[in-house]
S.K.: 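This structure is in structure tokens; I'll ask about it shortly.
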Amino acid sequence: MKKSLCTLFLVLICIISLSGCSVTQINPQIFETNAIRILRQTDNDNKITLSYVFPMNSNEIKNIGFSETDVLTYKFYLSTYVNTLASNNRKKAVEGVYVSNCVYYSDIDGVGFSIVFDDLDAQKEFFGVEEDKNDNIQQNFSGFFIKKLEFSTKFPISSAENAEQVKLVCSMATVSWCVQNNISQEKRNALEKILNETIFIYDTTTPSNSLKSENMYEANGLYHNVFIKNINDLKENNEIKFYISYPNVAVWYLCALIVVILGMIVAYILLSNKKFFQKLRKIKK
């Protein structure tokens, strides 16, 4: 009985593990190109890469009536402002921190740079943070079969005011481009409309799928937890949530025990009936 119980218990654990890895529908906004992105990637050695990417909106600009040459010109202006931002961060670099040059991200049509931290301590020292009191707010949610541990923290761009300041990089690049190239007011208005529709995306990536969120997907062996906000969202609520889910072992063990006991009872009844009918046949003979 003990061997059967353990076997059944393992089968149930496998079932619940597989059910926890079910594929959910990916939010299409994750791949929105008109977005200011903060990409945070942690590797197996706990090295952290924090990238800031600002949208080029190449297709949108072309749709307004600009040429490919115009798009390249705008790329120059945007890269200039992003390079300035990268340089300012490079001046603050401490030991264990490296700031890259400005690069173009062709997959998301954006211009940005990265700050690489050897570990979490280097990141805290760079930003002057001893301990983030907004992190690690935990709540337990106990279901019957599944337990959930939830972590709440703030979106990296913590307010609508901060979001507007971050977006200034795109705004100043656009204004400089328009002024220096005598772009018509009609096209300027169209460009402003594009900027007003810009969203903010925080994409945190790890090699493990233990930490989950509402918008989670896997790509190239890495697991992305993505949080999307616009200006109005940041005005109302700047909170984001992660969670860890795991089986309620006591309940599953109890269920396995009940199933095994019921199985043994059924088997006993069947065997008893079989012996009864065998004796009955012998009597008839």
Side-chain angles (χ1 to χ4, degrees), residues 27-40 49-92 99-115 127 154-204 226-236 238 240:
N27 186 339
Q29 274 196 306
I30 288 174
F31 308 106
E32 172 63 55
T33 54
N34 187 13
I36 294 174
R37 296 174 184 269
I38 299 176
L39 312 173
R40 187 179 191 274
T49 301
L50 196 61
S51 302
Y52 298 87
V53 186
F54 300 85
M56 271 286 301
N57 289 317
S58 300
N59 291 329
E60 288 81 356
I61 291 175
K62 290 177 185 176
N63 290 336
I64 294 172
F66 289 98
S67 66
E68 186 67 40
T69 302
D70 292 327
V71 173
L72 292 176
T73 304
Y74 174 65
K75 182 179 179 180
F76 167 77
Y77 282 95
L78 181 60
S79 298
T80 300
Y81 282 94
V82 174
N83 254 325
T84 300
L85 186 59
S87 297
N88 290 339
N89 280 276
R90 196 174 293 116
K91 292 174 183 177
K92 300 190 301 179
V99 181
S100 76
N101 292 320
C102 175
V103 296
Y104 174 67
Y105 295 77
S106 58
D107 55 333
I108 51 177
D109 188 32
V111 175
F113 67 96
S114 298
I115 308 175
F127 287 112
K154 286 185 177 180
F155 194 77
I157 301 173
S158 59
S159 67
E161 291 75 15
N162 289 341
E164 292 290 358
Q165 289 177 359
V166 172
K167 200 164 66 171
L168 273 176
V169 173
C170 299
S171 300
M172 290 188 296
T174 301
V175 170
S176 297
W177 175 44
C178 290
V179 170
Q180 294 297 324
N181 294 273
N182 296 317
I183 293 172
S184 68
Q185 188 60 49
E186 182 182 357
K187 287 185 176 180
R188 291 189 190 189
N189 292 339
L191 290 169
E192 185 179 354
K193 184 176 182 296
I194 293 173
L195 283 175
N196 290 336
E197 294 173 351
T198 300
I199 61 175
F200 301 87
I201 296 178
Y202 177 45
D203 184 341
T204 174
V226 184
F227 303 90
I228 304 166
K229 301 280 187 181
N230 57 37
I231 294 292
N232 291 329
D233 293 331
L234 291 171
K235 288 178 181 177
E236 295 173 5
N238 63 359
I240 59 175

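Residue numbers run from 1 in the order of the sequence given.
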S.K.: Please work out whether the ring planes of Phe66 and Trp177 are parallel, tilted or perpendicular, with thresholds of 30° and 60°.
M.R.: tilted
S.K.: Using a 4.5 Å cut-off on heavy atoms from C-beta on, say whether the side chain of Thr49 contacts that of Arg40.
M.R.: no
S.K.: For Asp233, does its backbone N or O pair with a side-chain atom of Asn230 as donor and acceptor, under 3.5 Å?
M.R.: yes
S.K.: Run the numbers on Thr198 and Lys167 for side chain to side chain contact (heavy atoms under 4.5 Å, CB included), then give the verdict.
M.R.: CA-CA 8 Å; Thr198 300; Lys167 200 164 66 171; 4.1 Å; yes
S.K.: Please test Tyr202 against Ile240 for side chain to side chain contact (heavy atoms under 4.5 Å, CB included), starting from the C-alpha separation and ending with a verdict.
M.R.: CA-CA 10 Å; Tyr202 177 45; Ile240 59 175; 3.9 Å; yes
S.K.: Taking all heavy atoms of Ile231 and all of Ala163, pick out the closest pair and write down the distance.
M.R.: CD1-CB, 3.6 Å
S.K.: Look up atom CG in Leu39 and atom CG in Leu50, then write down how far apart they are to the nearest 0.5 Å.
M.R.: 8.5 Å
S.K.: State, with a plain yes or no, whether a side-chain heavy atom of Ile38 is found less than 4.5 Å away from one of Ile201.
M.R.: no
S.K.: For the side chain of Asp70 and the backbone of Ser67, is there at least one donor-acceptor N/O pair under 3.5 Å apart?
M.R.: yes
S.K.: For residues Tyr77 and Thr174, determine if any side-chain heavy atom of one lies less than 4.5 Å from a side-chain heavy atom of the other.
M.R.: no
S.K.: State, without any angle test, whether Ser58 and Asp109 hold a side-chain donor-acceptor pair at a distance under 3.5 Å.
M.R.: yes
S.K.: Hydrogens and angles aside, do Glu236 and Asn232 bring a side-chain donor and acceptor to less than 3.5 Å of each other?
M.R.: no
S.K.: Please give me the minimum heavy-atom distance between Cys102 and Asn83, naming the atom from each residue.
M.R.: CB-OD1, 3.2 Å
S.K.: Apply side chain to side chain contact (heavy atoms under 4.5 Å, CB included) to Val53 and Val111, showing your working.
M.R.: CA-CA 5 Å; Val53 186; Val111 175; over 6 Å; no
S.K.: To the nearest 0.5 angstrom, please state how far the NZ atom of Lys62 sits from the CG atom of Asn57.
M.R.: 12.0 Å
S.K.: What heavy-atom pair brings Lys187 and Gly65 nearest, and what distance separates the two atoms?
M.R.: NZ-O, 3.6 Å
S.K.: Indicate yes or no: does Arg188 engage Glu192 in a salt bridge with an N to O separation below 4.0 Å.
M.R.: no
S.K.: Determine yes or no for a side-chain-to-main-chain donor-acceptor pair under 3.5 angstrom, with Arg37 supplying the side chain and Ser51 the backbone.
M.R.: no
S.K.: Are Lys229 and Asn238 side-chain neighbours, meaning at least one heavy-atom pair lies under 4.5 Å?
M.R.: no
S.K.: Taking the six-membered ring for Trp, are Phe113 and Tyr52 ring centroids under 6.0 Å apart?
M.R.: yes
S.K.: Tyr81: what forms a side chain to side chain donor-acceptor pair (under 3.5 Å) with it, not counting sequence neighbours?
M.R.: Ser176
S.K.: For residues Pro55 and Tyr74, report the shortest heavy-atom separation together with the two atoms involved.
M.R.: O-OH, 4.2 Å
S.K.: So do Ile194 and Ile64 actually touch side chain to side chain, heavy atoms under 4.5 Å?
M.R.: yes
S.K.: Can you tell me how far OG of Ser171 sits from CG of Leu195, rounded to the nearest 0.5 angstrom?
M.R.: 5.0 Å
S.K.: Say you draw a straight line from CD1 of Ile115 to NZ of Lys92; how long is it, rounded to the nearest 0.5 Å?
M.R.: 7.0 Å
S.K.: Distance check, rounded to the nearest 0.5 Å: Ile108 atom CD1 versus Asp203 atom CG?
M.R.: 8.5 Å
S.K.: Do Ser158 and Asn162 get their side chains close enough for a donor-acceptor pair, meaning under 3.5 Å?
M.R.: yes
S.K.: Near Gln185 CD, under 6.0 Å, is it more than 12 heavy atoms from other residues, nucleotides or ligands?
M.R.: yes
S.K.: What's the shortest heavy-atom distance between Met56 and Leu78, and which atoms?
M.R.: SD-CD2, 4.0 Å
S.K.: First locate atom CG of Leu191, then atom CG of Asn196, and finally report the distance between them rounded to the nearest 0.5 Å.
M.R.: 11.0 Å
S.K.: Are any non-hydrogen side-chain atoms of Phe200 and Ile228 less than 4.5 angstrom apart?
M.R.: no
S.K.: Passes side chain to side chain contact (heavy atoms under 4.5 Å, CB included), Asp107 versus Phe31? Steps please.
M.R.: CA-CA 9 Å; Asp107 55 333; Phe31 308 106; over 6 Å; no
